[in-house]
Amino acid sequence: MANSCSGELQERDMVVVQEEEAHPYAFHVSGPRNVASPNWRDLISSSWKKENYKRTVFSCFIQAVYLLEIDRQENRTEENALAPNWWRSFKYKLTQTLIDERDGSIFGAVLEWDRAAALADMVLIRPSGAPKAVLALRGTLLKGPTIRRDIEDDLRFLAWESLKGSVRFKVALEALKSVAEMYGSSNVCVAGHSLGAGFALQVGKALAKEGVYVEAHLFNPPSVSMAMSLRNIGEKAGFAWKRFKSMLPSNGETQATGDDGEKTSALGLRGWIPLLGYKTSSMGLKNWAPNFYVNNSDYICCSYTDPDGTGDKKEADKENAGPANGQVAAKLFVMSKGKQKFLEAHGLEQWWSDDGQLQQALHNSKLMSRQLKSLYTFPATQPTQRMPQ
């Protein structure tokens with residue numbers, strides 16, 4: 001009887017292992033092919049100093065967050081969970097999951113350098129350039145239990161150009177602040193994909209405004225200009241927009257406060273006006289330079305590659321001036337694979353695959369300038385009041 005039970009358990013374990021090995025999201029099935037785990041050679045020449053390696057690892061970390069939520073929904077155990085191999089392969093460990101209190105879903109995670117795992121492979125110290133901690137944020141997951149809250153935040157960004165009204169913004173900002181205080185901002189990175197890239201951009205910018213500069217990697221970030229372009233639909237869509245707006249998540253104010261701290265009219269998309277001609281200065285201000293990864297075939301983020309954006313060319317040139325010291329305000333990497341279907345162009349897997357043509361674009365982008373302009377704008381000088389005699 002005992003032998004029979006033992007045999008059944010062994011057979012069940014073999015089935016679980018086989019299912020995990022065959023799963024399309026298993027790391028060895030769909031993960032990067034030509035990326036080695038950290039080893040003693042990284043002590044001499046660190047892979048983390050290579051842009052392609054960093055892009056690959058950060059995109060894998062974000063994939064791990066998607067899989068953390070899928071593992072939760074499918075009630076996977078530690079033995080057959082899909083997510084862990086997506087960080088263990090790079091000698092990192094999970095230290096915190098970010099939970100959306102509205103539905104209990106996992107939308108982010110903090111991963112930290114796993115010193116014990118590294119020592120086991122004779123990696124005695126953390127390779128140069130490897131962050132001590134990474135905050136990874138997933139995008140929209142089109143599965144029943146979490147899709148409602150994901151779409152709600154998608155619509156929030158579309159309507160208000162900001163995610164500050166979301167509970168996820170607060171949780172992500174607190175998590176990023178915590179690890180930045182613990183390890184120092186130069187040892188921390190934030191990375192996100194799609195909606196998660198929108199959160200990563202905004203929490204990173206919020207810290208930059210406080211003088212805390214965290215390296216950011218933004219994959220297929222949502223474009224505010226996509227929402228702004230809907231203004232061109234015209235008056236015929238006015239009634240439909242009012243009905244639609246009444247169903248959108250509200251920021252709880254008659255006037256929504258935009259991500260750059262300015263008031264956005266609650267009249268909807270037709271009230272959005274491009275903010276042109278802002279002045280920049282470099283007086284003691286360090287530049288925060290996030291990394292944008294976009295695909296020309298992805299209509300959600302392709303506007304980042306438009307050097308002119310919308311509006312008058314002269315005004316666009318004025319806005320694209322960037323910081324006065326001539327430094328680039330952001331790094332833009334463009335994936336070119338020819339014409340692609342949207343789901344492929346917006347997918348995360350392209351960023352760790354080997355068959356893409358990736359180029360760093362150095363031209364000015366009005367949309368990036370719009371996203372980052374508040375970091376380089378100083379308040380207007382107040383008139384000096386004469387003291388009474």
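Every value quoted in this text rests on a predicted model; they were computed, and no experiment measured them.
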Checklist entry - Between the main-chain N or O of G139 and the side-chain N or O of Y66, is there a donor-acceptor pair closer than 3.5 Å? => result yes

Next on the checklist: I'd like to check I70 versus R138 (side-chain heavy atoms, cut-off strictly below 4.5 Å). Are they in contact?
Outcome noted: no

Item to check | Polar side-chain atom of D121 near backbone of V123 as donor-acceptor pair, under 3.5 Å | outcome: no

Next on the checklist: Tell me if a side-chain donor or acceptor on W87 pairs with a main-chain N or O of A64 at a distance below 3.5 Å.
Outcome noted: no

Checklist entry - Would you call R149 and D154 a salt bridge, using N to O less than 4.0 angstrom? => result no

Next on the checklist: Are K54 and E215 packed together at the side-chain level, in the sense that at least one heavy-atom pair is separated by less than 4.5 angstrom?
Outcome noted: yes

Checklist entry - Just by distance, do the side chain of N80 and the backbone of R76 share a donor-acceptor pair under 3.5 Å? => result no

Checklist entry - Is the backbone of P24 close enough, under 3.5 Å, to the side chain of S30 for a donor and an acceptor to pair up by distance? => result yes

Item to check | Electrostatic pair R148:D153 at N-O distance under 4.0 angstrom | outcome: no

Checklist entry - Between R126 and R115, is any pair of side-chain heavy atoms under 4.5 Å apart? => result no

Next on the checklist: Using modelled atom types and a 3.5 Å cut-off, is there a donor and acceptor pairing between side-chain atoms of S59 and backbone atoms of T56?
Outcome noted: yes

Checklist entry - Is the closest basic N to carboxylate O distance between R88 and D114 below 4.0 Å? => result no

Item to check | Stepwise side chain to side chain contact (heavy atoms under 4.5 Å, CB included) test for I106 and L98 | outcome: CA-CA 6 Å; I106 299 172; L98 276 58; 6.0 Å; no

Checklist entry - Can you tell if the side chain of V188 reaches within under 4.5 Å of the side chain of P131, non-hydrogen atoms only? => result no

Checklist entry - Is the backbone N or O of K132 less than 3.5 Å from a side-chain atom of N187, with the two atoms forming a donor-acceptor pair by type? => result no

Next on the checklist: As a quick check of understanding, evaluate side chain to side chain contact (heavy atoms under 4.5 Å, CB included) for V65 and L137, giving each step before the final call.
Outcome noted: CA-CA 7 Å; V65 180; L137 302 167; over 6 Å; no

Checklist entry - Please walk me through it: do L111 and K93 pass side chain to side chain contact (heavy atoms under 4.5 Å, CB included)? => result CA-CA 5 Å; L111 303 170; K93 61 184 178 180; over 6 Å; no

Checklist entry - For the side chain of H193 and the backbone of P221, is there at least one donor-acceptor N/O pair under 3.5 Å apart? => result no

Checklist entry - Which word best sums up how the rings of Y293 and F219 line up, parallel for under 30°, tilted for 30 to 60°, or perpendicular for over 60°? => result parallel

Checklist entry - Is V167 reachable from I151 through a run of hydrophobic residues whose side-chain heavy atoms are each under 4.5 Å from the next? => result no

Checklist entry - Roughly how far apart are L176 CG and L173 CG, rounded to 0.5 Å? => result 7.0 Å

Checklist entry - In Å and rounded to the nearest 0.5 Å, what is the CZ to SG distance from F90 to C60? => result 4.0 Å

Next on the checklist: Contact between C189 and F58 at the side-chain level, heavy atoms closer than 4.5 Å - yes or no?
Outcome noted: yes

Checklist entry - To the nearest 0.5 Å, how far apart are CZ in F61 and NE2 in H217? => result 11.0 Å

Next on the checklist: Working to the nearest 0.5 angstrom, can you tell me the gap between K91 NZ and L119 CG?
Outcome noted: 11.0 Å

Next on the checklist: For a side chain to side chain contact (heavy atoms under 4.5 Å, CB included) check, start with the C-alpha distance between S89 and H28, then their side-chain angles and the critical distance, and finish with the verdict.
Outcome noted: CA-CA 10 Å; S89 300; H28 73 279; over 6 Å; no

Item to check | Partner of W86 under ring pair (Phe, Tyr, Trp, His ring centres under 6.0 Å), chosen from Y92, Y25, W352 | outcome: W352

Next on the checklist: Please check: side-chain N/O of T95 versus main-chain N/O of V110, any donor-acceptor pairing under 3.5 Å?
Outcome noted: yes

Checklist entry - Sub-3.5 Å donor-acceptor pair from the side chain of S178 to the main-chain atoms of E174, do we have one? => result no

Checklist entry - Charged N to carboxylate O below 4.0 Å: is that the case for E69 and R72? => result yes

Item to check | Interatomic distance, E349 atom CD to Q63 atom CD [nearest 0.5 angstrom] | outcome: 7.5 Å

Checklist entry - Less than 4.5 Å apart, any side-chain heavy atom of W288 and any of K205? => result yes

Checklist entry - Within a radius of less than 6.0 Å around CD of E101, do more than 12 heavy atoms belonging to other residues, nucleotides or ligands occur? => result no

Item to check | Side-chain heavy-atom pair L82, H23 within 4.5 angstrom cut-off | outcome: yes

Checklist entry - Any side-chain heavy atom of N220 sitting closer than 4.5 Å to one from V294? => result no

